[in-house]
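Atoms within each ligand, like the ligands themselves, are counted from 1 in listed order.
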Amino acid sequence: MQIIKTAKELSETCRQWHREGKSVVLVPTMGYYHEGHASLMDKARTLGDKVVVSLFVNPTQFGPNEDYASYPRDLERDAAIAGEHGADLLFTPEPSELYAPDAATWVEVPEMSNLLCGITRPIHFRGVCTVCTKLFMLTQADYAVFGDKDWQQQAILRRMVRDLFYPVQIVGVPIVRAEDGLALSSRNVYLTEEERAQAPEIHRALDYARTMVAHGETKASALKDAVLRRWASKLPLGRLDYLQVIDSNSLAQVDEITGPATMACAVKMGKARLIDNIRLN
Ligand code: AMP
């Protein structure tokens, strides 16, 4: 596996691959790998000839009071994992490599970014769309692989790619969970033992809502009430950021389930902010 740090080298390598008729699959990440990241790389391996994994803690998607500086990092371990999971190239640029000092161009999808996570993280998705655009441009990737855990991110990127005719196909990968149901996340390292013990209740309650829908419940308010009641007793260390029933594609809030619906949430526990979601039907 090649490790590349400059945009120029990344672009030249991918251009050469394209000239040789090879397809390129991109897996954008911020590192500190767990099995969720590994499953994205495994999926990428099945989609095309060359797998590019980018490892970049993107400063522009962090708010001023967020964890950019303390975000967990372990390049050596990550490089080993990416190699084991079939990456051909690991791209690990410094921020100055992707953002010129006078960089002034942003890509955003405001209608889908001002809700859910965007309410407490107003600049987050603008940073995500902008850095993904840079990575798509540099790699000219045929496919880009994203996890269903960050459902809002994936829906926004699908819309961006569709609206602007980016020649890349977005591929989603199911959420990888710990045995007790907690969605794997690099930020789970922030949890204390006590918080970690309660955290699986996030998923259990969402799964309970899914069961209610399977038994005929269609009202979002009834589903939310049931989840919040469970959390009140079983997740006392959690502080609710949001809990919403949304249209799975448009992300619009849904009162009555008639089409594809997802329940999405963010819960703060101590230093961590955990997100999760479940497809309800
Ligand atoms: P991150 O490094 O946290 O920015 O995540 C990089 C990619 O991995 C994103 O597409 C995430 O959605 C995906 N991802 C993170 N955690 C999981 C998980 N538990 N299961 C599946 N995909 C995940």
Between the side chains of [Y] and [X], is the shortest nitrogen-to-carboxylate-oxygen separation below 4.0 Å, so that they form an ion pair?
| X | Y | value |
| --- | --- | --- |
| E201 | R230 | yes |
| D276 | R177 | yes |
| D148 | R279 | no |

Are [X] and [Y] close enough that a side-chain donor and a side-chain acceptor fall under 3.5 Å?
| X | Y | result |
| --- | --- | --- |
| E256 | T218 | yes |
| Q16 | E20 | yes |
| Y242 | T120 | no |
| Y99 | N58 | yes |

Inset, instruction - Please work out whether any backbone atom (N, CA, C, O) or any side-chain heavy atom from C-beta onward of S185 is under 4.0 Å from ligand 1, and answer side chain, backbone, both or neither. - result: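 Near ligand 1, S185 shows nothing, with every heavy atom at 4.0 Å or more.
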Legend entry - Side chain, backbone, both or neither: L40 near ligand 1, heavy atoms under 4.0 Å: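 For L40, only side-chain atoms sit under 4.0 Å from ligand 1.
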Per-atom contacts of ligand 1 with [X], taking only distances under 4.0 Å to non-hydrogen atoms:
| X | value |
| --- | --- |
| F146 | 10 (O) |
| L184 | 16 (N), 17 (C), 18 (C), 19 (N) |
| I175 | 20 (N), 21 (C) |

Using distance alone, decide if ligand 1 has a nitrogen or oxygen within less than 3.5 Å of any nitrogen or oxygen in [X].
| X | answer |
| --- | --- |
| V176 | yes |
| A183 | no |
| P28 | no |
| V173 | no |

Inset, instruction - For salt bridge (charged side-chain N to carboxylate O under 4.0 Å, His left out), just list the numbers for D180 and R196, CA-CA rounded to whole Å, side-chain angles, deciding distance to a tenth of an Å, and then say yes or no. - result: CA-CA 10 Å; D180 58 15; R196 177 64 187 81; 3.0 Å; yes
Among all protein heavy atoms, pick the one closest to [atom] and tell me residue, atom and distance.
| atom | value |
| --- | --- |
| atom 17 (C) of ligand 1 | H34 CE1, 3.7 Å |
| atom 4 (O) of ligand 1 | M30 CG, 3.6 Å |
| atom 22 (N) of ligand 1 | G147 CA, 3.5 Å |
| atom 5 (O) of ligand 1 | H37 NE2, 3.5 Å |

Legend entry - Selected option - heavy-atom contact closest to atom 12 (O) of ligand 1, from V145, V57, D150: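 Residue with the shortest heavy-atom distance to the ligand atom: D150.
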Inset, instruction - Please verify whether a non-hydrogen atom of Q154 lies at under 4.0 Å from ligand 1. - result: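 No, that is not the case, since the closest heavy atom of the residue is not under 4.0 Å from the ligand.
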Legend entry - Any Y71 heavy atom less than 4.0 Å to ligand 1: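 So Y71 counts as touching ligand 1.
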Legend entry - Over-ring placement of R158 relative to Y166, 6.0 Å and 45° cut-offs: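 No, cation not above the ring by the 6.0 Å, 45° rule.
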Legend entry - Short side-chain to backbone donor-acceptor contact, K134 and L98, under 3.5 Å: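 A pair under 3.5 Å: yes.
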